[in-house]
Amino acid sequence: MNILVTGGAGYIGTHTCVALLEAGYSVIVADNLSNSNIQALDKIKEIAQKELIFYQVDVTDEKSVDKIFTNHEIDGVIHFAGLKAVGESVEKPLAYYHNNIVSTMILVRACQNYKVKRFVFSSSATVYGDNNVPFKENMSLLPTTNPYGETKAMSERILTDTVKATPGFSVALLRYFNPVGAHESGLIGEAPNGIPNNLMPYVTQVAKGKLEKLKVFGNDYRTIDGTGVRDYIHVLDLAEGHVAALNNLIEGTHIYNLGTGRGTSVLELVKAFEEANGIEVPYEIVERRTGDIASCYADASKAKRELGWTAKRDIIAMCRDAWRFEKNYKEFVETV
Ligand code: NAD
Ligand code: UDP
């Protein structure tokens, strides 16, 4: 089966391409490389020992998308392409609404035109807002505090409505919790531009000495140690979740939490990183970050029940693999 992977050169996309190729799917990547590097595609091929097809295109451009559907018999789409920085989305709402919503609409329309029946969408736990944990798929969504979150909620709605109007169309809305870690080879991983917004890449850069110390955003939440609790999931488990979703896709809209079901506080993650890698991570407690919630973790039982998928890798593996990539990436950048 030919799977079109938009955003396939990015962090989650690269790991999913590897998992798809290893599962026997043929992969066509569409990415404009706005937040990724062309070398990532060679790394996918090197790990999987298989070829893939690459189009450097913007998936908000209908003509370019159309060309891919004309050139190939596409059996399914996994739509990762999108802008994802929460803070930036507050500063540039139009860029976020345009990129993330228009891309979804154009791809869904192409699926209708070319009779493609399978669509897997990258959503986010952010759509739950400040609901009570653990988050369940059937909870009412609460308003998110930023345009990024709204683009995810709106894309979910667009896809759900399209399913109702399109007999035979199957959609999986995958709500990711906090993807971290990297492929065990150290060849692909998360390489954010500039100063990282997210916890794990910040921690790895502190460990490397690139940043002086971690700022822990608040220790007065009602959590185990006062710091924010999140459901960190190894990116390889997440990638396998996409293959499971694709393998089990049936007509209708199906929503799945992809998380471990376990919450880890910021200080617990720092301790796990230190234990896993034998490196100290200096930190200081600072003010809460605007828009943060205290706790966010999944009820991951639906994916287990319906897809036969569970996250297998623990927090130590996440920390070890994230650090291995950070070290390798440095060498990679220096040699390019
Ligand atoms: P990423 O930035 O590493 O990957 C996204 C890829 O999409 C990049 O390679 C980028 O160049 C490409 N892209 C962006 N806009 C495009 C466009 N218009 N046309 C073609 N390519 C385009 O991000 P990621 O962490 O791999 O996230 C993938 C998806 O998962 C995103 O939709 C993101 O919102 C969602 N998500 C991510 C997280 C997370 O914490 N990483 C959590 C929940 C949901
Ligand atoms: N966090 C932190 N310092 C940082 C980055 C994040 O203390 O430099 C905390 C943040 O407040 C939250 C957790 O780490 O409790 C995860 O944050 P991240 O931005 O990685 O994910 P999200 O907030 O999107 O769940």
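Predicted, not measured: the structure shown is a model, and the values here were computed from it. Heavy-atom basis, side chains included; hydrogens, waters and symmetry copies ignored. In listed order, ligands and their atoms are each counted from 1.
At a heavy-atom cutoff of 4.0 Å, ligand 2 is surrounded by N178, N197, N198, L199, Y202, L214, K215, V216, F217, G228, R230, Y232, V266, R289, D292.
Of the options V5, V29, V65, N99, the smallest heavy-atom separation from atom 18 (N) of ligand 1 is shown by N99. Taking all heavy atoms of S123, G149, S122 into account, the minimum distance to atom 44 (C) of ligand 1 is reached by S123. Between the choices T126, L258, I12, I106, the shortest heavy-atom distance to atom 26 (O) of ligand 1 belongs to I12. Atom 30 (O) of ligand 1 has its nearest heavy-atom neighbour, among Y176, F80, F121, in Y176. Of the listed options G7, G82, A191, A40, G82 places a heavy atom closest to atom 14 (C) of ligand 1.
Using 4.0 Å as the threshold, T6 has no heavy atom nearer than that to any atom of ligand 1. Residue P179 places a heavy atom less than 4.0 Å from ligand 1. Contact analysis leaves G8 out of contact with ligand 1, as no non-hydrogen atom separation drops below 4.0 angstrom.
Looking at residues two or more places apart in sequence or on another chain, you find a side-chain contact (heavy atoms from CB on, under 4.5 Å) between A311 and I233, D237, T260, W309. A search for side-chain contact (heavy atoms from CB on, under 4.5 Å) contacts involving R222 returns nothing, not counting sequence neighbours.
Defined by atom type and a distance below 3.5 Å, a donor-acceptor pair is present between the side-chain atoms of Y256 and E306. In summary, the side chains of R175 and Y128 do present a donor paired with an acceptor at a separation below 3.5 Å, with no hydrogens or angles considered. Using a 3.5 Å distance cut-off with no hydrogens or angles, the side chains of Y25 and N247 do pair a donor with an acceptor. Side-chain contact check for Y114 and E73: no donor-acceptor pair (N or O, by modelled atom type) lies under 3.5 Å. Under the 3.5 Å distance criterion, with hydrogens and angles disregarded, a donor-acceptor pair is assigned to the side chains of T144 and E150. D231 and N178 share no donor-acceptor pair across their side chains, judged by distance under 3.5 Å alone.
Residues L4 and I12 do not share a hydrophobic cluster, defined by chaining ILVMFWY side chains whose heavy atoms lie under 4.5 Å apart.
Heavy atoms of L33 found under 4.0 angstrom from ligand 1 belong exclusively to the backbone. Contacts between A125 and ligand 1 below 4.0 angstrom, taking non-hydrogen atoms only, are absent altogether. In V57, the part holding a heavy atom less than 4.0 Å from any atom of ligand 1 is the backbone. Under 4.0 Å from ligand 1, heavy atoms of D58 appear from its side chain as well as its backbone.
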Please tabulate, one pair per line, all N/O donor-acceptor pairs under 3.5 Å involving side-chain atoms of residues 271-284, not counting sequence neighbours.
residue	atom	partner	partner atom	Å
E274	OE2	V281	N	2.7
N277	ND2	F273	O	3.4
N277	ND2	C319	O	3.3

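The N/O atoms of K152, backbone and side chain alike, include one that comes under 3.5 Å of an N/O atom in ligand 1. Looking at ligand 1, you'll find an N or O of V59 within less than 3.5 Å of one of its N or O atoms. Of the polar atoms of S124, none of the N or O atoms is found under 3.5 Å from an N or O of ligand 1, judged by distance alone. Between Y148 and ligand 1, at least one N/O pair is under 3.5 Å apart. Checking only distances, N35 does come within under 3.5 Å of ligand 1, N or O to N or O. Close N/O approach between H79 and ligand 1 is not found [any backbone or side-chain N/O within under 3.5 Å].
Aromatic ring centroids of Y176 and H242 lie under 6.0 Å apart.
Side-chain contact check for I74 versus V77: some heavy-atom pair is nearer than 4.5 Å.
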